[in-house]
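Just so it is clear, the model here is predicted, and its values are computed rather than measured. Ligands are counted one by one from 1 in listed order, and the atoms in each one are counted from 1 as well. If you read the sequence from its start, that first residue is 1, and numbering goes on from there.
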Amino acid sequence: MFQDFSPAAERNKAPILAALEPLLESAREVLEIGAGSGQHACHFAAALPWLRWQASEHPAGVVALAVNLAGAHIPLPAPLALDVRLKTWPVTAVDAVYAANVVHCMPWPAVEALFAGVARVLRAGGPLLLYGPFNRDGRFTSEGNLRLDAWARGLDPDFGLRDLAELEALAARVGLALCENLALPANNQLLVWRHASTQKTGR
Ligand SMILES: C[S@@+](CC[C@H](N)C(=O)[O-])C[C@H]1O[C@@H](n2cnc3c(N)ncnc32)[C@H](O)[C@@H]1O
């Protein structure tokens, strides 16, 4: 059993995988940020065997993640300690970046650092795949998301659901653009960002 087992990650892993698979057909190395329990890493690495799925986690959680990944008996590289706020990341170039339920669980300056870091390490044409609940035009898209926002702010008043327009403005400052916005179950979305220089954008 995974330490910090997440029932939500168990529920959402199948629909996320179905959305990810066509987006990662030509990728080789994927960096996952804030991998948490590692349930997504294990599920996706097993289902997408052409990928090198490099999970990472904040240094405070990386040992528990390493234990989970080792116990899963799936050929996965050891997870990296990565605090997105660091100027230097432990990877220099990847084909894709995946982060689930992360940007509402960190303060806004860390979200800014995440986008800046991804812009540095993501190869031209590759996707940043951001899964989770997001607000639209300053509004929650469901009662459940409103409750999730209250839960996150209870952990830290600087956490909370992020607005799509604010993320787009932030992404533009580091040269990333929203290319696809896929609706997933339970009012979650998979946002696909790419270097603006390499893609047409669309919502
Ligand atoms: C709600 S959990 C999501 C875990 C997992 N991705 C999932 O969907 O089940 C948020 C994650 O963001 C990570 N996180 C928060 N701040 C971070 C930072 N500065 N750098 C890297 N990861 C961070 C936490 O450690 C945690 O694993």
Side-chain angles (χ1 to χ4, degrees), residues 1-20 24 30-48 53-69 72 74 76 78-91 94 96-122 128-135 144-145 147-162 167 170 174 182 184-191:
M1 179 56 104
F2 289 87
Q3 294 184 46
D4 302 323
F5 177 82
S6 162
E10 212 54 26
R11 280 195 303 275
N12 61 30
K13 67 184 187 182
I16 298 175
L17 174 61
L20 287 184
L24 293 175
V30 180
L31 171 67
E32 179 177 3
I33 295 172
S37 65
Q39 287 160 255
H40 282 172
C42 291
H43 189 65
F44 302 157
L48 308 172
W53 193 278
Q54 178 62 69
S56 76
E57 182 47 271
H58 187 281
V62 77
V63 172
L65 173 62
V67 170
N68 285 353
L69 298 188
I74 292 166
L76 275 163
L80 298 173
L82 170 58
D83 180 339
V84 294
R85 295 168 297 184
L86 294 179
K87 286 274 179 278
T88 306
W89 285 18
V91 293
V94 289
V97 178
Y98 172 76
N101 296 309
V102 160
V103 296
H104 63 269
C105 283
M106 55 176 57
W108 184 252
V111 181
E112 292 178 312
L114 185 154
F115 272 82
V118 170
R120 286 194 303 271
V121 303
L122 184 62
L128 162 61
L129 303 154
L130 215 56
Y131 168 85
F134 301 95
N135 286 347
N145 284 355
R147 285 194 294 277
L148 186 66
D149 180 78
W151 168 81
R153 288 178 196 276
L155 296 177
D156 185 321
D158 293 328
F159 291 2
L161 266 60
R162 307 301 175 190
L167 290 176
L170 162 58
V174 296
L182 306 172
L184 287 185
N187 297 292
N188 287 293
Q189 290 161 256
L190 183 69
L191 305 180

Checklist entry - Any side-chain heavy-atom pair from Q39 and S6 closer than 4.5 angstrom? => result yes
R120 meets the side chain to side chain contact (heavy atoms under 4.5 Å, CB included) criterion, sequence neighbours left out, with W89, A116
Sidechain-backbone polar pair: N188 side chain, L184 backbone, donor-acceptor under 3.5 Å:
no
The reported gap from CG in D4 to CG in N68 (rounded to nearest 0.5 angstrom) is 7.0 Å
inquiry  = Tell me whether the rings of F5 and F2 are parallel (<30°), tilted (30 to 60°) or perpendicular (>60°).
reply    = tilted
*asked:* Does any part of the side chain of H104, heavy atoms only, come nearer than 4.5 Å to the side chain of D149, both counted from C-beta?
replied: no
Write none if no such pair exists; otherwise list each N/O atom of ligand 1 with its protein N/O partner under 3.5 Å and the distance.
residue  : atom   : partner : partner atom : Å
ligand 1 : 6 (N)  : G34     : O            : 2.8
ligand 1 : 6 (N)  : A100    : O            : 2.9
ligand 1 : 8 (O)  : A100    : O            : 3.4
ligand 1 : 8 (O)  : N101    : ND2          : 3.0
ligand 1 : 19 (N) : D83     : OD1          : 3.0
ligand 1 : 20 (N) : V84     : N            : 3.0
ligand 1 : 25 (O) : E57     : OE1          : 2.6
ligand 1 : 27 (O) : E57     : OE1          : 3.4
ligand 1 : 27 (O) : E57     : OE2          : 2.5

